[in-house]
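Each ligand, and each atom within it, is numbered from 1 in the order the structure gives. All values reported here derive from a predicted model rather than from experimental measurement. Index from 1, following the sequence.
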Amino acid sequence: MTDWLGLPVLASAHGGQIDGMIGWVHVFMLILFVGWGGFFAYTLVRFRRSRHPVADYTGVKSHTSSYLEAGVAVVEAILLFGFAIPLWAARVDRMPSDSEALVVQVTAEQFAWNVHYAGPDRVFGRRDIKLIDTQENPLGLDRSDPAAKDDVTTLNQLYLPVNQPVIVRLRSKDVIHSFGIPEFRVKQDAIPGLTIPAWFIPNVTTAEMRTRTGNPEFMYEIACAQLCGLGHYRMRGFVTVQTAEEFQKWMDEKVKEQSESASDPFK
Ligand SMILES: [Cu+2]
C-alpha cells in the first residue's frame, strides 16, 4: 500500500503501522501543499496590481481562509492524536517483559557498536568501568563474575532470531549516537548516562531478504543516525536475522568459543 513512498523493504512486525503513518502524513501534506499553493496563486490574480492601483485596505471579506485554517488544524490534530500518539504508546507502553524477549545490550561508542548477550543463564555479567580496555574488553565485562562466564560479546555484529521479540538496551560511552535499522523501522538515540530500551520483532531472515531483494550480499545494517564525530560515516553494524535453530547454533558456538578462550592461559 505504501510502495509509492520508496521506503526500504519492510522486515519487522510493527513496521507496517509506521509506514501507514508516513503514508498518511504524505497524503495530508500533499493536500496542504496543493491547497495553499492554489490559494497563493488565487491571491496573486485576485489582488493583481492592474486591478488595484491603490492598496485595498479591506481585502478579502469572506471567512473561507479562516475555515480552511481551522480545517488544517483539525487534520493535524487527527494525525497527532489519532495516529502518532497511539502508535508511539503501542511501541513504548506495551514492551514485552524480559522473559518473553531476547534481551541484548548495545553500547555505542565512537565509532562502533558493542553487542552484549547474557548467554544461556539470561543474566548479564557485571561490568566495571575500571576493566575497560579499548582493544580487549571495550565493555569492561568482569569475567570473574559467575553470571559473566557465559556472556557473549561481539563488535558490530548483531545476530537475532526471526519472529521473536527483541529488546535492545542502548547505551553510549561518549556522545549521542542513534541506533537505526531502516528495514525494521527502528531508530532510537543512544545517550550517555541513560539506558534506553527499543524493541521490535524482525520477521524476515537475512537469507529470505537476499532472495527478496535479488541481492546475494544483502545485509541488514545498523546505521548510526546521529552525526557523532569524524568517523561517523564508518559507524556501521551488521544484523543477521536467522531461524531460531540457526541462532541457537550460533549462540552455542559463541559460548563455547568464549569459555575456551577464557580458560586459555596464553590468551
Ligand atoms: Cu555514532
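- Because the distance cut-off is set at 2.8 Å, Cys228 qualifies as a neighbour of the Cu ion (ligand 1) through one of its N, O or S atoms.
- When Val72, Ile78, Leu80 are each tested for a side-chain contact (heavy atoms from CB on, under 4.5 Å) with Glu76, only one passes: Val72.
- The aromatic rings of Tyr117 and Phe247 sit tilted relative to each other, their planes meeting at an angle between 30° and 60°.
- Residue Leu230 qualifies as open at atom CG: its count of foreign heavy atoms under 6.0 Å is 12 or below.
- Among the atoms of Gln110, no N, O or S atom falls under 2.8 Å of the Cu ion (ligand 1).
- Annotation: Phe218 is in aromatic contact with Tyr220 [ring centroid separation under 6.0 Å].
- His177 contributes ND1 as its N, O or S atom closest to the Cu ion (ligand 1).
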